[in-house]
Asker: 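What follows is a structure written as structure tokens; I'll ask about it next.
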Amino acid sequence: MSVVQSASQFVIHLQNAGHLRSAKVQASSDSAATDRPQDDAFLPWGTKKLWELTDLSAGEFADEAVRFHKLSRVTLQEMLKAAPLVSPFSQRFLRETLIFPHQSADGRVLLAVADPTDLAARRAAEIVLGPAIEIRIAAFDDLAVVLDQRLASDGPDASEIDGFRQPREDDIESLRDLASGAPVVRAVNDLLEKAIELRASDIHIEPFQTGLTVRFRIDGLLRQVAAPAGVLPQAVISRIKIIASLNIAERRLPQDGAARLRAGRADTDIRVAIMPTQHGESAVIRILPKDRGLLVVDRLGFAPADEARLRRLLKLPHGMIVITGPTGSGKTTTLATILSILNEPVRKILTIEDPVEYEIAGINQSQIKPAIGLTFASALRSFVRQDPDVIMVGEVRDSETAHVAVHAALTGHLVLTTLHTETAAAALPRLLDLGVEAYLLRSTLRAVIAQRLVRQLCERCKSSRILCEEDFADDPRLATLGFRAGESIYAAAGCERCGGNGYRGRLGVFEVLELNDELRALIGEKTDGLKIDQAAIRAGMTTMLDDGLAKCRAGLTSPAEILRVTTTR
């Protein structure tokens with residue numbers, strides 16, 4: 001059997017095994033067997049293209065080739081440990097043919113190849129190194145990595161551009177081609193699918209001198225994962241830019257973009273933020289799955305008293321309700337849940353957001369576009385002419401938006417918005433600081449809801465234990481929280497379902513500050529947030545800390561989680 005015929009049979013082997021995604025490969029391989037010389041690559045598009053048409057990883061494809069051609073396999077670790085024999089060869093030749101000549105520990109001359117049917121490359125290696133060469137099969141990405149490391153500093157060829165080299169800073173077309181290649185596309189897709197599978201909310205891709213670092217934010221905490229192997233960092237970032245319709249030629253300024261794609265079994269929206277750093281560009285991808293379930297108050301984690309207070313506030317015909325907390329504390333989810341409660345045919349609801357994270361049927365949702373002048377403030381001015389009953393403003397960021405929101409509440413609309421403050425009481429001096437007059441705030445503000453997200457103990461593996469004196473010696477804050485020796489609490493254990501960390505999912509801890517006459521009387525030009533906080537607690541407000549402790553005693557979370565997101569006061 002000739003080399004070309006065996007290559008054609010390899011295509012049939014892959015097709016029979018169900019690994020090929022294209023039915024056209026068989027016909028093309030048959031024509032290759034008759035039309036092409038036997039010392040050439042076995043398919044018109046080459047082995048690399050054949051791999052791209054399969055559902056196999058680079059390693060799995062190499063394993064199939066080993067089984068079919070009855071050759072030995074060489075791993076990346078073995079190639080990195082071996083003595084390279086690359087100096088007699090052109091770097092471009094090695095990279096274009098994807099071969100790595102090296103010497104084993106016992107002195108044998110080995111040639112690692114991705115395509116064992118490439119006789120031209122084998123003959124060239126025999127001319128340089130002699131006929132006694134043993135052929136080994138390696139994965140495409142493994143060869144790319146070892147060549148990149150072994151050839152990085154070997155002479156003038158280091159500035160050449162090809163499919164496996166680092167492009168020059170000004171060679172945008174080569175970078176675009178590299179970012180569109182199958183290894184990079186597959187690496188980025190695998191990264192997105194893995195993040196969704198692990199329920200990550202964000203992907204952080206950060207370049208350092210040693211290479212890319214990838215971290216997933218899962219249940220509010222970052223967790224490092226393996227970075228894509230065998231692909232250039234610039235290619236990964238460029239691929240992300242292409243997905244988000246960003247300019248891959250711009251590397252000096254931050255860029256923001258968005259896209260909708262299908263990852264796994266569901267459609268997913270992503271928001272991309274690119275930031276130049278010392279060693280390249282950093283990318284943060286916010287993942288917004290479209291199938292995030294029903295928006296119901298029960299899933300947020302409100303205590304019964306706070307939930308009753310919230311439902312009573314939502315029956316008000318006008319006024320302003322503010323949700324506060326830092327970035328990533330679940331404010332948007334709470335707002336979307338409130339909107340789903342208010343979403344009835346008798347009400348017209350308008351929203352202006354950045355971005356639209358939850359699409360709710362029956363609600364008119366808009367996204368800000370500052371480049372064309374569509375800001376929170378300009379949209380709000382237009383909203384009041386649309387005859388709405390409820391207006392939702394994604395965030396009050398500046399004085400202009402604060403003034404328009406307050407005046408919308410003053411003219412008979414129910415306005416929902418968010419603000420970045422530490423506590424509920426701190427929202428009042430913050431609004432005054434934005435220029436809202438005290439008398440307007442007393443007239444329009446109905447309530448402020450502050451919240452944080454804590455990780456929820458895994459229901460499958462959480463364990464109950466009794467607090468002892470050693471626990472208080474290790475962490476004196478437990479006594480400050482009100483725990484006593486002999487009291488039973490639940491702690492994280494770890495199992496397969498939660499990935500071994502003892503937590504799965506998150507829930508909110510809340511404080512609902514409802515304004516009464518006493519609190520309104522404290523609102524002035526020099527409002528003291530601490531006095532308002534103390535007055536609200538005297539009036540019966542449950543603080544986030546108290547709400548969290550109640551959830552601890554109910555076995556929903558742990559004291560460590562409460563102390564991570566809240567402070568005593």
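Positions are given from 1 along the sequence.
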Asker: For side chain to side chain contact (heavy atoms under 4.5 Å, CB included), just list the numbers for L416 and I323, CA-CA rounded to whole Å, side-chain angles, deciding distance to a tenth of an Å, and then say yes or no.
Answerer: CA-CA 8 Å; L416 308 172; I323 315 290; over 6 Å; no
Asker: One pair to check against side chain to side chain contact (heavy atoms under 4.5 Å, CB included): E206 and H279. What are the steps and the verdict?
Answerer: CA-CA 9 Å; E206 302 154 324; H279 298 290; over 6 Å; no
Asker: Mind checking side-chain hydrogen bond (donor to acceptor under 3.5 Å, both in side chains) for D354 and listing every partner two or more places apart, or none if nothing turns up?
Answerer: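 side-chain hydrogen bond (donor to acceptor under 3.5 Å, both in side chains) list for D354, sorted by chain: R397.
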Asker: Side chain to side chain contact (heavy atoms under 4.5 Å, CB included) between E307 and L310: does it pass, once the steps are laid out?
Answerer: CA-CA 5 Å; E307 182 180 339; L310 174 63; 5.6 Å; no
Asker: Could you pull out all residues at least two apart from K551 that satisfy salt bridge (charged side-chain N to carboxylate O under 4.0 Å, His left out)?
Answerer: D547
Asker: Between D63 and R73, is the closest basic N to carboxylate O distance under 4.0 Å?
Answerer: yes
Asker: Taking only residues two or more places apart in sequence or in another chain, which ones pass side-chain hydrogen bond (donor to acceptor under 3.5 Å, both in side chains) with R452?
Answerer: none
Asker: Determine, stepwise, if the pair D269 / R260 fulfils salt bridge (charged side-chain N to carboxylate O under 4.0 Å, His left out).
Answerer: CA-CA 4 Å; D269 281 351; R260 175 173 293 184; 2.8 Å; yes
Asker: Strictly by salt bridge (charged side-chain N to carboxylate O under 4.0 Å, His left out), give each pair with a member in residues 326-340 just once, sequence neighbours left out.
Answerer: none
Asker: Tell me yes or no: between the side chains of E359 and Q365, is some donor less than 3.5 Å from an acceptor?
Answerer: no
Asker: Judged by atom type as modelled, is there a donor-acceptor pair below 3.5 Å linking the side chain of E561 to the main-chain atoms of R455?
Answerer: yes
Asker: Sequence neighbours left out, what pairs pass ring-ring contact (aromatic ring centres under 6.0 Å, His included) with at least one residue falling in residues 483-539?
Answerer: F302-F510
Asker: Any chance CG of D474 has more than 12 other-residue heavy atoms, nucleotides or ligands included, within less than 6.0 Å?
Answerer: yes
Asker: Using the side chain to side chain donor-acceptor pair (under 3.5 Å) rule, take E511 and T542 through it: C-alpha gap first, then chi angles, then the decisive distance, then the call.
Answerer: CA-CA 6 Å; E511 61 185 32; T542 301; over 6 Å; no
Asker: Which pairs with one or both residues in residues 198-234 pass ring-ring contact (aromatic ring centres under 6.0 Å, His included), sequence neighbours excluded?
Answerer: none
Asker: Identify whether the distance between the nearest side-chain nitrogen and carboxylate oxygen of R504 and D219 falls below 4.0 Å.
Answerer: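 Salt bridge: no.
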Asker: Would you kindly say whether S340 and N343 are connected by a side-chain donor-acceptor distance under 3.5 Å?
Answerer: no
Asker: Could you work out, with side-chain hydrogen bond (donor to acceptor under 3.5 Å, both in side chains) as the rule, every residue matching R520, not counting sequence neighbours?
Answerer: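 Here no residue qualifies.
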Asker: Quick one: do L556 and L507 satisfy side chain to side chain contact (heavy atoms under 4.5 Å, CB included)? Show the steps, please.
Answerer: CA-CA 9 Å; L556 299 176; L507 75 159; 4.0 Å; yes
Asker: Can you name the residues that form a side chain to side chain contact (heavy atoms under 4.5 Å, CB included) with A536, not counting sequence neighbours?
Answerer: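 Once residues adjacent in sequence are excluded, the partners of A536 under the side chain to side chain contact (heavy atoms under 4.5 Å, CB included) criterion are L513, L519, M541.
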Asker: Between the side chains of S464 and S488, does any donor sit under 3.5 Å from an acceptor?
Answerer: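 The answer is yes; a qualifying pair exists.
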Asker: So, using side-chain hydrogen bond (donor to acceptor under 3.5 Å, both in side chains) as the criterion, who are the partners of T557 when residues are at least two apart?
Answerer: none
Asker: Do the side chain of D256 and the main chain of A273 share a donor and acceptor less than 3.5 angstrom apart?
Answerer: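 No, because the side chain of D256 does not come within donor-acceptor range (under 3.5 Å) of the backbone of A273.
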Asker: State which residues pass side chain to side chain contact (heavy atoms under 4.5 Å, CB included) with R484; sequence neighbours excluded, sorted by chain then number.
Answerer: E487
Asker: Treating S245 as the side-chain partner and K241 as the backbone partner, does any N or O pair qualify as donor plus acceptor under 3.5 Å?
Answerer: no
Asker: Looking at R251 and E281, is any side-chain nitrogen of the basic one under 4.0 Å from a carboxylate oxygen of the acidic one?
Answerer: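 So E281 does not pair with R251 through a salt bridge.
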Asker: Would you call E344-R347 a salt bridge at under 4.0 Å N-O?
Answerer: yes
Asker: Are R215 and D202 close enough for a salt bridge, meaning some N to O gap below 4.0 Å?
Answerer: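 Answer for the salt bridge query: no.
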Asker: Please identify which of these residues, L335, T337, T333, L339, meets the side chain to side chain contact (heavy atoms under 4.5 Å, CB included) condition with Y358.
Answerer: T333
Asker: Is there a donor-acceptor pair closer than 3.5 Å between any side-chain N or O of E395 and the backbone N or O of T417?
Answerer: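 No: the side chain of E395 does not pair with the backbone of T417.
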Asker: Could you tell me which residues satisfy side chain to side chain contact (heavy atoms under 4.5 Å, CB included) with S443, sequence neighbours excluded, listed by chain and number?
Answerer: L410
Asker: Quick one: side chain to side chain contact (heavy atoms under 4.5 Å, CB included) partners of A447, sequence neighbours excluded?
Answerer: L313
